[in-house]
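Below is one structure, written out as structure tokens, with a few remarks after it.
Just follow the structure's listing: the first ligand is 1, and inside any ligand the first atom is 1.
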Amino acid sequence: MKVISNYINGQLIAPQSGQYIDVYDPSVGEVYAKLSDSDNRDVGQAVQAAKKAFPVWSGMTTEKRSAILLKIAQGIEANFEKLALAESIDNGKPLKLAQEVDIPRAASNFHFFATGLIHFASESHSMEEGAINYTLRTPIGVVGCISPWNLPLYLFTWKIAPALAAGNCVVAKPSEITPMTAFLLSEICIEAGLPAGVLNIVHGYGNKVGQAIAEHPQITAISFTGGTVTGAHIAKIAAPMFKKLSLELGGKNPAIIFADCNYEKMLDTVMRSSFANQGQICLCGSRIFVERPLYEKFKLDFVQRTAQLKVGDPLLENSNLGAIVSEPHMNKVLSYIDLAKQEGGTILTGGKRVKLEERCKNGWFLEPTVIEGLSYDCRTNQEEIFGPVVTIMPFDTEEEVLMYANSTQYGLASSVWTENLSRAHRIAAELKTGIIWTNCWLLRDLRTPFGGMKNSGVGREGGWEAMRFFTEAKNVCIKY
Ligand code: TXE
């Protein structure tokens with residue numbers, strides 16, 4: 001049984017509690033590893049190690065820091081298959097998805113910020129009064145990174161890479177539900193020669209380890225991705241301590257399909273934006289609005305394609321959907337399907353748990369589910385379900401669909417399908433989400449600002465947004 005240790009001060013060590021947490025393989029529904037059940041003592045130890053390492057790491061030349069981060073990127077690539085298999089087993093996602101998305105993006109995250117840091121410059125402003133201003137962007141110190149279970153290594157590295165690139169030392173906590181690839185990253189960092197204490201990974205429960213990170217007075221910035229409720233909880237702790245906060249939270253994203261769209265391209269992509277990673281991506285389009293002339297045709301084709309999706313053993317090449325990440329989450333998603341029925345929805349396909357044979361007979365699998373006949377403002381269409389469940393409904397005018405799309409508490413991502421250029425720009429300007437994909441989905445340029453508005457979060461990740469989040473700006477004005 002694999003035991004997952006903490007990575008503190010460059011060492012893989014046991015938690016001070018000496019206790020361990022069960023880690024499940026969701027595809028078989030059984031415990032397959034033990035996880036350090038850490039607490040504030042381990043977080044305190046990690047902060048001390050990070051503080052000790054900070055002067056050397058922040059004082060290192062950008063070339064040297066870049067070279068070490070590039071070695072970590074190369075380490076991820078060198079362990080590609082091992083990481084992809086670990087991710088698929090831990091999360092339940094198809095191995096193919098981990099190979100095509102999760103692990104390549106984890107390597108890209110380190111590559112991107114390892115090179116970005118060399119070009120990260122500050123600016124100066126000269127004044128007619130005979131003065132020059134220059135802006136210094138210096139590392140913050142010890143920062144906290146807390147990440148979720150849906151894209152474990154992808155989102156874990158999306159925070160850690162810029163934090164380290166900006167010269168900070170990190171105390172990080174992956175989700176206790178999917179800790180394995182973060183543990184394997186510890187081994188890669190040791191191999192890459194990352195100095196002791198620069199990155200510390202403390203495993204365990206959110207309300208113990210995550211809470212201790214949020215509360216620690218010497219962790220002066222927190223980057224969090226997870227649920228909106230948890231994000232609000234962390235903000236309550238961090239705000240009065242005046243910590244910098246980056247919150248990437250939930251979403252209830254609209255997919256808006258106009259009758260003039262490129263139909264085949266739209267249908268292929270909407271299958272992905274609806275059900276990729278079992279619908280457990282905060283960017284998935286879970287509310288599908290279709291212009292009325294196209295509605296019946298889309299409904300027929302979409303339901304047919306959805307019913308043909310194969311829910312299976314994630315290790316098998318032909319599985320389109322793998323397992324749901326945990327039994328509680330599977331039951332939460334099933335409860336929303338029940339709610340949809342109570343709210344007057346019709347299940348057009350799916351809606352039930354899938355019982356597989358052999359190895360996965362006790363795994364947590366759900367049918368991809370399509371629901372119609374609901375009002376735009378019912379709970380099913382307003383609350384984040386975070387599973388393979390989408391609703392569809394027709395619309396007649398742009399004003400109507402914009403009202404539907406913007407009606408939730410969330411504002412993370414939208415997708416829009418139309419060949420009409422003016423309409424594409426017009427709709428994008430009116431949508432209240434931080435990200436809008438038009439005639440595509442999840443096409444990602446890491447330089448762009450990434451994040452949501454309203455209850456989808458605070459701040460942006462990506463590119464210089466991330467480097468600026470993880471540095472303090474100081475303006476120096478010299479009169480001559
Ligand atoms: O997230 P949590 P969960 C949404 C999705 C999901 C819901 C809850 O709707 O159903 O959030 O998912 C740590 N102090 N998203 O339970 O609880 C926790 O250990 C500090 C959207 O997985 O937010 C984990 O490491 N930390 C999201 C991380 O927070 C705490 C992706 C996220 O866990 C903590 C995942 C606390 N008190 C879920 N409690 C997205 N935006 O992609 C927990 N944590």
Please indicate whether Gln409 has more than 12 foreign heavy atoms, meaning atoms of other residues, nucleotides or ligands, lying under 6.0 Å from its CD. yes
Any donor-acceptor N/O pair, Asn79 side chain to Lys82 backbone, under 3.5 Å: no
Thr228-Asn455 side chain donor-acceptor pair, cut-off 3.5 Å: no
Please tabulate, for the side chains in residues 170-179, all donor-acceptor contacts under 3.5 angstrom to protein atoms that are two or more places apart in sequence or on a different chain.
residue, atom, partner, partner atom, Å
Lys173, NZ, Glu176, OE1, 3.1
Lys173, NZ, Gly204, O, 2.9
Ser175, OG, Ile177, N, 3.1

Heavy-atom count around Lys34 NZ within 6.0 Å, excluding the residue itself: above 12? yes
Listing by chain and number, which residues have a heavy atom under 4.0 Å from ligand 1? Ile146, Ser147, Pro148, Trp149, Asn150, Lys173, Pro174, Ser175, Glu176, Gly206, Gly210, Gln211, Phe224, Thr225, Gly226, Gly227, Thr230, His233, Ile234, Glu248, Leu249, Cys282, His329, Lys332, Glu384, Phe386
Answer yes or no on whether Lys244 is positioned over the face of Phe469, meaning its NZ or CZ is under 6.0 Å from the six-membered ring centre and within 45° of the axis. yes
